[in-house]
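Every number for a ligand or one of its atoms is a count from 1 in the order of the listing. Since this is a predicted model, take the numbers as computed values, not measurements. Values below: every heavy atom of this structure, side chains too, minus hydrogens, waters and symmetry copies.
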Amino acid sequence: MTEAAKWIVKDPAEEDVYWPSKEMKKRAWISDESIYEEAARDPVAFWAERAREGLDWYKEWDEAYKWEPPYFKWFIGGKLNASYNCLDRHVKTWRRNKAAIIGVREPIDEEAKVLTYYDLYREVNKFANVLKSLGVKKGDRVSIYLPMIPEVQIAMLACARIGAPHSVVFSAFSSDSLKDRIIDAESKTLVTCDGYYRRGRPVNLKDNADKAVEGTTIENVIVFKRTGGEVRWAEGRDHWWHELMKDAPLYYKPEVMDSEDVLYILYTSGTTGNPKGVIHTTGGYMTQAYWTTKWDFDIHDEDVFWCTADVGWVTGHTYNCYGPLSVGATQIFYEGAPNYPEPDRMWQIIENYGVTAFYTAPTAIRMFMSWGDEWPKKHNLSSLHLLATVGEPINREAWMWYFNTIGGGRCPIIDTWWQTETGGTLINALPGVGPFIPCVAGRSFPGTRHEILDEGGKPVGLNEGGYLVQRPSFGPGMLRGVYKSPETYKTNYWSQYGNEAYYTSDGARMPKEKLFRLTGRVDDVMKVAGHRLSTAEVENAIGGHPSVAESAVVPAPDEIRGQVPWAFVRLKEGEGSDELAKEIRSHVGKVLGPTCRPDKIIFATDLPKTRSGKIMRRILRSLAKNEAVGDLTTIENPACVEELKQKVGHKAAS
Ligand code: WTA
């Protein structure tokens with residue numbers, strides 16, 4: 001390989017500040033910062049122009065934006081189809097034979113499954129016909145429970161083609177979690193597979209699916225054969241994917257969808273024990289998916305983009321499916337574990353396929369770091385021109401390691417702040433504009449506006465901490481509500497500052513004018529290894545164990561995973577033991593999924609409470625963080641705090 005280009009330069013005057021190099025400015029779609037001002041002058045016109053330029057519409061909208069607090073709409077009366085925008089329009093051009101998805105399988109000796117845009121187009125058309133043959137119509141919800149194999153994009157895009165909103169459920173979630181989500185969405189169809197590979201072993205997914213669908217509205221289960229392992233079979237209900245696909249017609253005319261028709265529902269954790277179904281519609285979401293993919297990661301036709309997020313989370317929806325496919329990019333989609341068979345698997349894939357833009361989570365970066373530099377050093381990573389992160393605040397050490405060891409000190413790091421609710425990225429540096437500063441996400445994406453407010457709703461000064469909000473007009477990709485729960489929508493996002501601002505539940509401060517530094521959630525949502533999880537969900541699961549009287553779950557800091565749940569548990573009787581702690585952890589694993597198991601169970605004779613009997617989580621949070629527990633005057637039972645301090649080895653002075 002020739003010497004890799006240098007995509008960034010260090011600021012001559014300021015430590016830790018980097019700017020795009022001349023080469024980057026030349027390469028980047030956006031290298032002039034005037035875009036921000038131009039968009040701010042008339043954000044609605046800016047987004048309308050983007051929608052027109054980025055997407056193919058059957059009919060243009062009558063009105064670009066409408067704000068009926070707390071609801072907004074984008075591109076009202078506009079007609080389009082998301083699957084058409086991801087496939088048909090590319091198939092009509094030279095991109096027809098371009099690789100759309102390079103599905104890298106876990107077993108090292110199995111070839112990648114490469115789907116060109118034309119391959120993907122055919123599969124999606126056929127699968128849309130399969131769904132139709134099972135009675136799926138526009139508006140019907142389809143649940144998808146699949147691992148990281150290209151069949152998941154095929155299923156999603158087939159739903160979009162029909163106009164049937166999909167609800168993708170993370171394949172590492174338990175059967176109970178899947179069941180809850182099926183019940184809430186009232187899906188009649190589930191798409192799943194027999195299993196997948198994880199660290200060399202086949203994992204049976206069908207078993208979970210079987211348990212989940214019992215007693216629900218599911219009438220048909222479509223099963224993709226990935227491992228060939230043995231599965232139970234319910235005649236009449238279960239269908240093999242390959243059998244249905246065999247004779248499926250090759251074309252399905254895309255349904256003409258309204259801009260505000262639902263594209264998908266994605267369940268995510270809020271502050272209550274029940275996950276909420278975040279609703280995303282078509283026109284606005286696709287506009288944001290398209291432009292953020294193109295501008296944030298600077299995707300051109302020759303790029304190879306790799307977003308490592310699981311498709312079960314919003315990052316996987318927007319940056320493993322709708323974003324890269326709508327811009328006509330080539331993307332890597334990797335089935336397996338990052339350290340299988342060796343801890344250099346990711347770097348091997350980057351080298352093999354010439355990945356140019358790599359998007360992952362800080363938790364993954366910290367894990368790679370802990371495995372040692374020798375693994376990336378074994379590989380030539382000079383194809384990379386850009387690195388990006390998402391999911392949680394990145395610490396300086398991880399940023400520097402990513403920057404130097406993976407990026408060779410040549411690549412910008414695009415730290416993207418966003419949420420399931422926002423549909424696409426909202427705060428980050430643009431590669432051709434910068435600046436790139438460790439731990440600072442950057443500016444509001446052009447055409448959006450964020451502020452940091454104090455409790456009373458006043459903007460805070462530079463470097464002062466406060467609450468991050470979004471001001472109207474809102475990003476077109478924002479959620480349009482919570483499925484079947486308008487109250488949740490109102491109280492979660494619109495009760496703190498009324499209809500003046502969308503409340504993000506994130507803390508932030510501005511180190512410099514217009515630049516945002518995110519400091520983490522301010523509600524009871526944890527980010528465990530980048531995965532969003534509510535403390536209440538874990539508490540509910542623990543409460544289901546027969547020995548437990550009550551529990552309180554709080555996040556504790558973890559060097560690699562960012563945060564991990566700690567559970568303070570009071571038993572109905574007895575002392576608690578390692579054995580019981582193990583049992584409770586595995587119980588949570590069964591109820592929610594293995595990623596949700598508490599790291600530590602602390603048995604307590606009592607939990608700290610107010611006089612009215614409310615558990616004082618503030619104190620437990622301080623214990624978990626090893627911080628001073630603060631004022632104990634409002635506490636009913638201060639003695640228990642001493643007991644807990646001893647149990648967790650709390651050392652901070654009070
Ligand atoms: C956090 C993931 C700091 C934040 C796309 C947010 C971040 C939550 C960043 C949403 C970032 C996401 N810096 N924090 N770059 N990106 N977050 O819904 O707390 O899984 O509210 O969406 O992740 O998590 P979710």
Side-chain angles (χ1 to χ4, degrees), residues 168 170 173 264-271 275-280 285 288-289 292-293 296-297 307-320 322-323 359-366 387-396 398-399 402 413-429 436-445 450 452 465 467-470 475 477-479 482 492-493 496 502-509 511 515-535 537 555 561-563 595-596:
V168 179
F170 181 36
F173 276 158
Y264 66 80
I265 301 168
L266 180 57
Y267 288 87
T268 189
S269 297
T271 47
K276 49 189 182 198
V278 166
I279 298 173
H280 284 295
Y285 172 82
Q288 197 167 342
T292 54
T293 303
D296 292 349
F297 310 112
C307 164
T308 67
D310 194 283
V311 69
W313 302 86
V314 74
T315 309
H317 280 58
T318 308
Y319 300 107
N320 280 327
Y322 293 108
Y359 189 26
T360 195
T363 184
I365 297 167
R366 291 188 295 262
L387 301 172
T389 70
V390 59
E392 51 180 319
I394 185 164
N395 49 312
R396 189 170 188 282
W399 199 99
Y402 196 32
I413 294 181
I414 310 297
D415 175 357
T416 64
W417 174 89
W418 60 297
Q419 310 177 303
T420 304
E421 289 86 344
T422 70
T425 64
L426 278 176
I427 299 180
N428 55 267
F436 317 110
I437 307 173
C439 315
V440 176
R443 294 171 73 149
S444 293
F445 195 84
H450 297 87
I452 305 174
Y467 304 100
L468 180 73
V469 302
Q470 192 183 159
M478 292 289 288
L479 80 165
V482 175
N492 266 285
Y493 312 109
Q496 291 75 5
Y502 163 87
Y503 180 70
T504 64
S505 298
D506 269 307
R509 61 196 170 81
L515 296 181
F516 292 88
R517 175 177 196 142
L518 283 306
T519 52
R521 297 285 298 200
V522 294
D523 59 359
D524 289 323
V525 168
M526 302 176 277
K527 280 314 236 15
V528 181
H531 293 162
R532 181 163 161 177
L533 181 64
S534 90
T535 55
E537 267 172 282
R561 286 174 292 166
Q563 294 186 317
T595 47
C596 311

- Return the minimal non-hydrogen interatomic distance between Y319 and A289, and the atom names on each side. CE2-O, 4.4 Å

- Residues forming a ring-ring contact (aromatic ring centres under 6.0 Å, His included) with Y402, sequence neighbours excluded: none

- Qualifying residues under ring-ring contact (aromatic ring centres under 6.0 Å, His included), relative to F436, sequence neighbours excluded: none

Every pair of nitrogen or oxygen atoms between ligand 1 and the protein that is under 3.5 angstrom apart - can you list them with their distances to 0.1 Å?
from, atom 1, to, atom 2, distance (Å)
ligand 1, 13 (N), E392, O, 3.4
ligand 1, 14 (N), P393, N, 3.4
ligand 1, 15 (N), D415, OD1, 2.7
ligand 1, 15 (N), T416, O, 2.7
ligand 1, 16 (N), G391, N, 3.0
ligand 1, 16 (N), T416, O, 3.4
ligand 1, 17 (N), G391, O, 3.4
ligand 1, 18 (O), T420, N, 2.8
ligand 1, 18 (O), T420, OG1, 2.5
ligand 1, 18 (O), R532, NH1, 2.6
ligand 1, 19 (O), D506, OD1, 2.6
ligand 1, 19 (O), D506, OD2, 3.3
ligand 1, 20 (O), K527, NZ, 3.4
ligand 1, 21 (O), Q419, NE2, 3.0
ligand 1, 21 (O), D506, OD2, 2.5
ligand 1, 21 (O), R521, NH1, 2.8
ligand 1, 22 (O), T420, N, 3.4
ligand 1, 23 (O), G391, O, 3.2
ligand 1, 23 (O), K527, NZ, 2.9
ligand 1, 24 (O), K527, NZ, 2.8

- Message: Salt bridge or not between K276 and E537? Use side-chain N to carboxylate O under 4.0 Å.
- Response: no

- Please name all residues satisfying side chain to side chain contact (heavy atoms under 4.5 Å, CB included) with D523, sequence neighbours left out, ordered by chain then number. T271, S505, R521, V525

- Item | NZ/NE/NH1/NH2 to OD/OE distance under 4.0 Å, E392 and R366 | yes

